[in-house]
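Below is one structure, written out as structure tokens; comments come after it.
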Amino acid sequence: VMRLKSGLTVDPENARHIALTLGRLSFVRASLDNLAGAMEPNARRAAALEAAERGFFGNAIPQAIAAVRAAGSREAPSVAEFTRSYVHDLASAQDLRIMTADLSEAKLDAMRRGASQKVFVSASLTVAVCLVMLLLGLLFRRLLFRPLTEAKGQMLAIARGDLSEPEAATNAGSEIGDMLAGLDAIRGEQRWRRELEQRQVEMARQLKRLSETDMLTGLLNRRAIQEIALRQIGEADWLGERIGLVLFDIDHFKWINDTLGHEAGDEVLRAIAREIPALLRPQDAFARFGGEEFLILLPGAS
């Protein structure tokens with residue numbers, strides 16, 4: 001129907017698929033002959049087979065082949081004409097299918113009734129065995145498998161770094177209980193080690209920050225700015241870029257300390273540390289170089 005409706009001719013790929021389909025139908029036809037020979041003689045079945053042979057295999061399939069080959073030509077039938085003729089001949093195959101299913105179902109019912117008693121006995125024995133196995137499984141699961149599974153889960157969690165406290169363990173034998181207690185001890189030791197490592201990392205971070213920070217102004221100190229300068233000068237040399245440097249001090253700073261006191265001098269230093277960063281770029285480095293001297297590194301500046 002799709003071929004007739006589109007008006008397209010058959011290409012080699014379609015012809016190959018049609019040939020494969022015809023081969024499968026020939027196999028089905030041979031299977032029907034074998035099925036008829038294996039069953040007891042039956043007039044209804046013989047009539048249905050003969051009708052399918054005549055209607056479906058004799059008329060419907062040749063009509064379909066002829067319609068496909070004539071598609072796109074003047075001899076091609078219309079979709080309605082082909083459908084009326086094809087569906088009428090297809091009914092014989094449908095009747096054969098229904099008849100075969102009815103006969104097969106009747107035969108299966110007879111076999112089922114004959115085997116009912118044996119199935120009942122087998123089912124009773126199977127249920128009894130299953131109950132015994134179920135009881136044994138529940139017993140082993142409660143006393144052995146579940147505690148072992150919990151221990152395995154705790155081991156994997158510790159290996160992944162999860163040191164959270166697990167749920168309370170189920171009842172288990174003394175050996176598995178000792179194993180779970182050992183895992184608790186390992187978990188506690190790992191938590192202590194992790195906490196100690198975190199403290200060491202934080203302490204190292206604080207020490208590094210203190211070693212690089214001027215305590216009065218909070219700016220980088222002389223040591224830190226020298227390390228940054230060496231790195232930035234090396235990068236500027238490598239990239240062929242310039243780097244600017246500003247070095248300045250506070251005029252009459254000694255007079256401020258002598259006249260207003262060292263607290264006033266400290267406040268002046270802190271004011272410089274507060275005001276200058278707002279004038280700088282994010283990549284610039286600002287440090288107290290010593291006393292009232294300050295230094296600014298300006299990467300990329302002439």
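As the structure is a prediction and not an experimental result, all values here were calculated from the model. Scope of the values below: all heavy atoms of this structure, side chains included, with no hydrogens, waters or symmetry mates.
- Within the structure, salt bridge (Lys or Arg N to Asp or Glu O under 4.0 Å) contacts touching residues 268-278 (residues at least two apart or in different chains) are Glu267-Arg270, Glu267-Arg274.
- In this structure, Arg281 contributes its side chain and Pro299 its backbone to a donor-acceptor pair below 3.5 Å.
- Between Arg205 and Glu202 there is a salt bridge, since a side-chain N of the basic residue sits under 4.0 Å from a carboxylate O of the acidic one.
- Partners of Arg97 according to the side chain to side chain contact (heavy atoms under 4.5 Å, CB included) rule, which considers only residues two or more places apart in sequence or in another chain, are Gln94.
- The structure places CD1 of Ile276 at 5.5 Å from CD1 of Ile296, a figure rounded to the nearest 0.5 Å.
- Taking CD1 from Ile233 and CZ from Arg242, the interatomic distance works out to 15.0 Å, rounded to the nearest 0.5 Å.
- Judged by distance alone, with hydrogens and angles left aside, the side-chain atoms of Arg222 form no donor-acceptor pair with the main-chain N or O of Ile225 at under 3.5 Å.
- With Lys254 as reference, Asp258 is the one residue of Ile256, Asp258, Ile250, Asp251 to meet the side-chain contact (heavy atoms from CB on, under 4.5 Å) rule.
- The CG atom of Leu298 sits 7.5 Å away from the CG atom of Leu245 when rounded to the nearest 0.5 Å.
- To the nearest 0.5 angstrom, Gln198 atom CD is 10.5 Å from Gln200 atom CD.
- Gln232 is linked by a side chain to side chain donor-acceptor pair (under 3.5 Å) to nothing, counting only residues two or more places apart in sequence or in another chain.
- Closest non-hydrogen pair, Glu292 versus Leu269, comes out as CA-CD2, 4.0 Å.
- Arg231 has no carboxylate O lying under 4.0 Å from a charged side-chain N of Glu227, or vice versa, which leaves the two without a salt bridge.
- Of the options Leu20, Thr21, Leu22, a side-chain contact (heavy atoms from CB on, under 4.5 Å) to Ile18 is made by Leu22 and by none of the others.
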